[in-house]
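Heads up, the thing below is written out as structure tokens.
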Amino acid sequence: MDLELRHLKTIRAIADAGSLTKAATALGLAQPALSAQLKRIERVLGGELFERGRHGVRATALGEFVLARARVVLPAVSGLREEARRFAGAWEGGAGFRLGGTHGPLLGALVDRLAAAHPGVPVSTHTSWSERDIAARTAAGRLDFALVGTCGASAPPESGLLVWREVGRDPVFVMLPTGHPLAGRQEIELALLAGEAWTDVPGDGCFGDCFTAACARAGFTPARVYETDVASCVHLVQVGRAVGLCRATFPPTPGLVTRPLAGTPLYWRHVLGWHPAAPAHDTAAAVFNQARTAHAEAAARSESYTAWLAAPSATRGAGASPDSA
């Protein structure tokens, strides 16, 4: 007889009940049948698992050893079963692309490229300010791919469950109104913006802490930071209420300019994630290549980013490189 999962469940039931009679009732078996089954299991495992007494049963040293393993194996198998069912149910109805991403132009560009490359295949999106929310939905099988960003070298969320690949790495630029005294410069020292109010989109990563640390290294503390949606960030910059932080791929926008920060004190990594056990794994390479192309096209549309990439590497700092774009 081979040891099976049902045998581990039987051992656990006996230990939890504390007696063969109670365990038999819980398992829906006759007590003699359970006793016989336990003896067969003990023969397979090479020794007694329980000491029988007037007041019930107690696990032997071997029994404790087997129980410890059973309490790891059984929940793991149960979790695997539920996860497989969830993925299978999520993929019913035919192949498609369910994309999740934080707010930004790269997600829209990826949708456009996938729709063009696979006409007739459904493409749906879910957006959130929270990278963790997007990653959790992908890990749970509710999304096929997560397109999010991380600050610097920080690890993406759900790194233990999802496969992550870097789509591109951008320096963080500053947005200025076209009439700003520094708008004509090719790059700007962060310290020169010490007196400005700032605006940025919210998130649950470490970018806010990284920005504060960069400002501290430049010798100041930001006076005010407005966290709001992209359209409001753009408006606050256009009217001169604040300067904004943005990815270098930020599209050309009337009323403002984007400029690199000298030395690249901050950079942003675009990453694509998926679950390796999900059906979407089979299309991951194609989706990743489309995302890389979308990022390269976005970089090419930004004059300030193109100029930054063409500059000698010594002037760019260590945050990014032309190869990563």
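Heavy atoms only: backbone and side chains are in, while hydrogens, waters and symmetry mates are out. Counting from 1, the numbers follow the sequence of the chain as shown.
Met175 and Val225 end up in different hydrophobic clusters when Ile, Leu, Val, Met, Phe, Trp and Tyr side chains are linked at under 4.5 Å. Both Leu114 and Leu147 are part of a single hydrophobic cluster, where members link through side-chain heavy atoms under 4.5 Å apart. Follow the hydrophobic side-chain contacts under 4.5 Å out from Leu34 and you reach Leu8 in the same cluster. Under the 4.5 Å side-chain heavy-atom criterion for Ile, Leu, Val, Met, Phe, Trp and Tyr, Leu176 and Leu236 are members of distinct hydrophobic clusters. Grouping the Ile, Leu, Val, Met, Phe, Trp and Tyr side chains by contacts below 4.5 angstrom, directly or via other members, places Phe50 with Leu27.
The closest donor-acceptor contact from the side chain of Glu131 to the backbone of Ala146 lies at 3.5 Å or more, if one exists at all. For the pair Trp164 (side chain) and Pro157 (backbone), a donor-acceptor distance under 3.5 Å is present. Arg292 contributes a side-chain N or O that, together with a main-chain N or O of Val167, makes up a donor-acceptor pair within less than 3.5 Å. A donor-acceptor contact shorter than 3.5 Å links the side chain of Arg98 to the backbone of Gly141. Side-chain atoms of Ser159 come within 3.5 Å of backbone N or O of Pro156 as a donor-acceptor pair. In terms of modelled atom types and a separation under 3.5 Å, the side chain of Thr25 and the main chain of Thr21 share a donor-acceptor contact. Judged purely by atom type and a 3.5 angstrom limit, Thr293 uses its side chain to pair as donor or acceptor with the backbone of Asn289.
Residues Arg259 and Ser304 bring no donor and acceptor atom of their side chains to less than 3.5 Å of each other. If you check the side chains of Gln37 and Thr10, you find a donor sitting under 3.5 Å from an acceptor.
Between His180 and Ile188, the closest side-chain pair of non-hydrogen atoms is not below 4.5 Å. Val237 places a side-chain heavy atom less than 4.5 Å from the side chain of Pro177. At a threshold of 4.5 Å between non-hydrogen side-chain atoms, the residues Thr283 and Phe145 count as touching.
Residues Pro252 and Arg301 approach most closely at CG-O, 3.5 Å, considering heavy atoms. Nearest heavy-atom pair, Ser130 versus Thr102, reported as atom, atom and distance to 0.1 Å: C-CG2, 4.5 Å. Here the closest heavy-atom approach between residue Glu227 and residue Pro202 is recorded as OE1-CB, 3.7 Å. The two residues Leu62 and Gly46 come nearest to each other via the heavy atoms CD2-C, 4.4 Å. Thr228 and Ser232 get closest at one heavy-atom pair: OG1-CB, 3.3 Å. Residues Ala116 and Pro119 share a closest heavy-atom pair of O-CD, 3.6 Å.
Under the 30°/60° scheme for interplanar angles, the aromatic rings of Phe173 and Trp308 are found to stand perpendicular.
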Worked verdict on Arg247 versus Tyr305 for side chain to side chain contact (heavy atoms under 4.5 Å, CB included): CA-CA 9 Å; Arg247 301 159 194 169; Tyr305 195 6; over 6 Å; no
